[in-house]
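The shown structure was predicted, so the numbers you read here are calculated from the model rather than taken from an experiment. By convention in this document, chain letters (A, B, ...) are assigned in the order of the sequence lines, proteins followed by strands, and residues within each chain are numbered from 1.
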There are 2 protein chains.
Amino acid sequence: MPKLGMEPIRKDALVKATITEIGRTGSLDVTVSQIAKRAGMSSALAHHYFGSKEDMFLAAMRHIMTIYGAEVRGALGVAQTPMARVEAIVVASFSPTNFRREAVGAWLNFWVLAQTVPQAKRLVAVYQRRLKSNLLVGLRPLAGARAEGIAEGLGALIDGLYLRQVLRPGAPDGAAAAQMARDYLAAHLPSAPQDHNR
Amino acid sequence: MPKLGMEPIRKDALVKATITEIGRTGSLDVTVSQIAKRAGMSSALAHHYFGSKEDMFLAAMRHIMTIYGAEVRGALGVAQTPMARVEAIVVASFSPTNFRREAVGAWLNFWVLAQTVPQAKRLVAVYQRRLKSNLLVGLRPLAGARAEGIAEGLGALIDGLYLRQVLRPGAPDGAAAAQMARDYLAAHLPSAPQDHNR
DNA sequence: GTTTTTGTTGATTGACGAGTCAATAAACTT
DNA sequence: AAGTTTATTGACTCGTCAATCAACAAAAAC
């Protein structure tokens, strides 16, 4: 009983299933059948819509980055001060949508994929560039020439917090991670007076 | 022409070859044959000395952690002040031995392995605990109650710097990474006066 | 109402790779 | 010198999985 216009629906289901399965198993060693099954179709159909497994992986990466990008853009839209802009990025990075178990697990594996697949490497590079440039818009008014280094460091810290989240048992604690990023900012920005005695 | 006492030699060669191959291909999808070939023997012999591929991976993890641990211990041995202790850990973390391409690439993949293999997860947990406790010894005299949070943050930052190194083209720049860690410390420690205008 | 397009799958192919085994040989033991 | 242990490998088994194909079904187009 084929309804028409299935393509986008099927593709969407496959992309989500890909993320779920990679996150669930914690590995890129997921079979197309597993993914297809979770998405409610045969593996042949998955191959029909995406040419190859690699294509599915890349689509899944793009999806994760799209969600993240949209959330950042949304938060940046309402930010008025430079500090609010930086804060918005931090909040978005550790929001329940992006910092959820599945997504973080998938993210780590995409990082690995980027070591092998040039396309994937390019996607990660895009993410890094965007993150840095977004941070810089907020940081430059606050830190001038030092903004560059702070953005680099904050980027690394965020990635590190993601990395560590992967192995932490239990529900992800985005609030704690975000607080760590804020502490980093507070310590590195000149204006905000620092309170080292608690 | 079998000479006796080959076991430790073969095992050592296999462990090193495992790290090399994982680092080279950037993936855990290396075949036992590849590893064995690089180590100069047949795949059957690799299976003879290690029961399974997983065993080889675990041995390789232990090897990397052992090298790292030894270097940290060595540097800590000669450190006199609390600050020197923390500095020693930073230096060791980004020393050419530990921060080399191969090792960092392998490290990332072991992180992935830890998502699937409980043994591997335990090893990473051990690394994290040791790092944190080593940092705390130096940080507590310097930061008191705040030491805990600083150690956690510095640990995440170090991991993040490793993570990012993986995708950076060209030779690894341990000096720059170490500097970033030092900046983190300088910004978070109360005593050292901060120079925000440069 | 026949032809084309779109959706769908079970079955098959073809490759690859982990782990086993039998066989060979050198060294140590008694 | 016969027997045991250690080293070593080529050949083989067995499973898995990405990708393809042939076939069927329903909607759309003509």
Grab the [atom1]-[atom2] distance between [X] and [N] for me, whole Å please.
X: A:I35; N: D:dA18; atom1: CD1; atom2: C1'; answer: 11 Å
X: B:H48; N: D:dT6; atom1: NE2; atom2: C1'; answer: 7 Å
X: A:D29; N: D:dA18; atom1: CG; atom2: C1'; answer: 13 Å
X: A:Q34; N: D:dA18; atom1: CD; atom2: C1'; answer: 13 Å
X: B:E21; N: C:dG17; atom1: CD; atom2: C1'; answer: 15 Å
X: A:L45; N: D:dA26; atom1: CG; atom2: C1'; answer: 15 Å
X: B:H47; N: D:dA7; atom1: NE2; atom2: C1'; answer: 17 Å
X: B:K11; N: D:dA7; atom1: NZ; atom2: C1'; answer: 15 Å

Check every strand shown and say whether [X] touches a base, only sugar-phosphate, or nothing at a heavy-atom separation below 4.0 Å.
X: A:S52; value: sugar-phosphate
X: A:G5; value: sugar-phosphate
X: A:T31; value: sugar-phosphate
X: B:F50; value: nothing

(message) Side-chain N or O of B:Y49 versus OP1/OP2 of D:dA7: is the shortest distance under 4.0 Å?
(response)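 Result: yes.
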(request) Kindly say if B:R10 contacts the phosphate of D:dT8, meaning a side-chain N or O under 4.0 Å from OP1 or OP2. (result)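 True: B:R10 side-chain N/O within range (under 4.0 Å) of D:dT8 OP1/OP2.
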(message) Check the orientation of B:W107 and B:F110. Use parallel for under 30°, tilted for 30 to 60°, and perpendicular for over 60°.
(response)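 Correct class here is perpendicular.
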(request) Please work out which of the three classes, parallel, tilted or perpendicular, describes the rings of A:Y162 and A:F94, given edges at 30° and 60°. (result)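 Geometry flag for A:Y162 against A:F94: tilted rings.
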(message) Return whichever of B:K53 or B:A44 has its heavy-atom-nearest nucleotide of DNA chain C closer to the 5' end.
(response)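 Checking each residue's closest nucleotide, the 5'-ward one belongs to B:K53.
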(message) I'd like to know if B:M65 and B:Y68 are part of one continuous hydrophobic network [Ile/Leu/Val/Met/Phe/Trp/Tyr, side-chain heavy atoms within less than 4.5 Å].
(response)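 Shared cluster, yes.
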(request) Using a strict cut-off of less than 4.0 Å between a Lys/Arg side-chain nitrogen and an Asp/Glu carboxylate oxygen, indicate whether B:R24 and B:E102 qualify as a salt bridge. (result)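 Between B:E102 and B:R24 there is no salt bridge, as every charged N stays at least 4.0 Å from the carboxylate O atoms.
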(message) Quick check: closest heavy atoms across A:R85 and A:L76, and the distance to 0.1 Å?
(response)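 Result for this residue pair: O-CD2, 3.6 Å.
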